[in-house]
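Each chain gets a letter, A, B and so on, in the order the sequences are listed, and its residues count up from 1.
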2 protein chains.
Amino acid sequence: MTKSKEAKRLDTSTEEKIIQAASKVFTQKGYVGTRTRDIAEEAGINLALLNYYFRSKEKLFQLIMAEKLQLLFSVILPIVNNDDLTLEEKMEALVENYIVLLVDNPDLPLFVLGEIKANPEGFKDRLQVRKLLQHSSFIRQLRERRPDLEPVQFIVSLLGMTIFPFIAKQILFADDKIFKKQMEERKILIAKWAKMMLET
Amino acid sequence: MTKSKEAKRLDTSTEEKIIQAASKVFTQKGYVGTRTRDIAEEAGINLALLNYYFRSKEKLFQLIMAEKLQLLFSVILPIVNNDDLTLEEKMEALVENYIVLLVDNPDLPLFVLGEIKANPEGFKDRLQVRKLLQHSSFIRQLRERRPDLEPVQFIVSLLGMTIFPFIAKQILFADDKIFKKQMEERKILIAKWAKMMLET
DNA sequence: AAATATTTTAATCAAATGATTAAAAACAAT
DNA sequence: ATTGTTTTTAATCATTTGATTAAAATATTT
C-alpha cells in the first residue's frame, strides 16, 4: 500500500541515504577530494545507483552545497534585518546561533570557503552577502553607533572570532571535549568583547 | 665555466621554475585539485621533466608545504618568546607581521588549513603549535595580565581577527584594491581592539 | 674534436575514476 | 498469477592523471 511505501521513504529511503552520505563525504573531503565510490560506500549502496538517482557527481554536489549555504544564510538573515533587536541583541544572537550551528557542523566553514575559492564563478550569483548586508538594519545601526568605523571591519572581526576557531580547530585545540566546552564559554566572551569594541 | 652555470641557475633554473609554479598551483588549488600537468604548464616545461626533478607529485608537495609552514612559523616564533617585548608589543608585532605576510600571500591560510584537515596525520609531528605556545612568554604574560581568562580564547580571537579576512576575502570584499587598503587600516584597529579585550 | 654527463622531450603505461549499460531482483497494479 | 514498473547490481567504458622509458638535444669535460 501507500502506507508501507511512505513508511519506507520516511525511514531511510535510498535517496535520503545517498544525500546523507554525500553531505558527510563532501564536507569532509571537498569536491575534488571526493570520489563517487566513497559516497556510494558510505551510503551502503552501489556506485551505479548513485548515478541513477542523481545523474552525476556535479548534480549531487550542487544539491549538497545549496543545502549548506541555506544553513549558513538561515542564521544571518532572520537576525540582521530584525528591527525589533538592538545592535547588541543582534550581535549576541549572531554569535550564539552560529556557534550552536557550527558545534554540530564543524566542517561547514572550511568546506564552503574552500569550494568558493576553488570555483568563484559558480558562486557569483548565489553569494550577494555584501549587498545583503549593505542594506541591513544591522549595518545601519553600526553606522549610527560608530560613524567613524567602517562596518565591514567590525563584522569581519565578529565573524572571525566566531568562525575561525572551527577552521583552526585541528591546530589549536587538544581534544573535542575541551573544544566544545570552550566554544560554549566563547558565546559570552565574544559578545562581551564585541561590545567593548564598539565603545569609543 | 662555472660562471655561466651559476648565472643560469640564479637566473631561472628549471628547478626554480618548477618550484615557483608548484607553489602557485598548489596554494591555489590544493593537493588533490592540482594536476602535475598544470604545474608543468605553469612552469613552461614538460611533464616528464617535473618527475625527473622531483620524483613525484607528493615529494614536490612536501617541499612546498614545508616552505609555507616555515613562512607562517617564522612570523610567530621570533615574537612569542621575545622577552624584550611587552604583551602589547607582542600583539602589535604579531598582527603587523601577519598582515604584511598575508597581503602578499592571501591564499596561504586556506591552503595550509585545508591540507591539514585533508590529512591530519601528515602534520601530527610537524605541528606542535599548542606545545610551542604553551611555554611561551606570550602565554605567561597573558596569564599574569588576566588570570581569569583562558589564554587560548584570547589568542583565537587575535588570530581570527587577523587571518579570517583573508579566508573570507572572496565573500566579504568587493575588489582587491579596497581589500588591501582596509587590511592596512586593520593593523591599528586589531591592536586597539585586542588591548581593550584585555582590560577588565 | 671526442667522450661523457646532464637536461629535455615524445610516446606510452597503468591505475583511478566518473559514467553507462544491460540484465536481474523486488515491488506494485491488474 | 501476470504484467508492468521501480530499484539494484555486476560488468564495462572512456577519460583523466601520475609516472616511466627510451631516445634526442644540450652542455661539460678531457
Discussion item. Tell me which pairs pass salt bridge (charged side-chain N to carboxylate O under 4.0 Å, His left out) where either residue lies in residues 18-41 of chain B, with sequence neighbours left out.
Written reply: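 Sorted pair list: Lys24(B)-Glu42(B), Arg35(B)-Asp38(B).
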Euclidean distance, atom [atom1] of residue [X] to atom [atom2] of [N] [Å, nearest integer]:
X	N	atom1	atom2	answer
Leu49(B)	dT26(D)	CG	C1'	13 Å
Asp38(B)	dG18(D)	CG	P	8 Å
Tyr53(B)	dA19(D)	OH	P	18 Å

Worksheet item: Relative to Phe123(A), does Lys117(A) satisfy both conditions: NZ or CZ under 6.0 angstrom from the six-membered ring centre, and within 45 degrees of the ring's axis?
Response: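 Lys117(A) over Phe123(A) ring: no.
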Fill in: Charged tip of Lys169(A) within 45° of Phe179(A) ring normal and under 6.0 Å
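Yes; both conditions hold, so Lys169(A) lies above the ring face of Phe179(A).
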Discussion item. I need a per-nucleotide contact map over nucleotides 14-22 of chain C, read 5' to 3'. Cutoff is protein heavy atoms under 4.0 Å; write B for the base, S for backbone only, - otherwise.
Written reply: ---BBBBB-
Discussion item. Is Thr14(B) close enough to dT8(C) that one of its side-chain N or O atoms is under 4.0 Å from OP1 or OP2 there?
Written reply: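 So the side-chain polar atoms of Thr14(B) do come within 4.0 Å of the phosphate oxygens OP1 or OP2 of dT8(C), strictly under.
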Worksheet entry | Test ring-ring contact (aromatic ring centres under 6.0 Å, His included) applied to Phe154(A) - qualifying residues, sequence neighbours left out |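 Residues passing ring-ring contact (aromatic ring centres under 6.0 Å, His included) with Phe154(A): none at all.
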Worksheet item: Which nucleotide sits closest to the side chain of Ile45(A): dT7(C), dT9(D), dT8(D)?
Response: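 It is dT9(D).
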Practice prompt. Please lay out, stage by stage, how Gln141(B) and Lys90(B) fare under the test side-chain hydrogen bond (donor to acceptor under 3.5 Å, both in side chains).
Written response: CA-CA 10 Å; Gln141(B) 286 171 314; Lys90(B) 281 193 178 68; 2.7 Å; yes
Worksheet item: Do Asp148(A) and Arg146(A) sit within salt-bridge range, that is, some charged N less than 4.0 Å from a carboxylate O?
Response: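 Yes, this pair counts.
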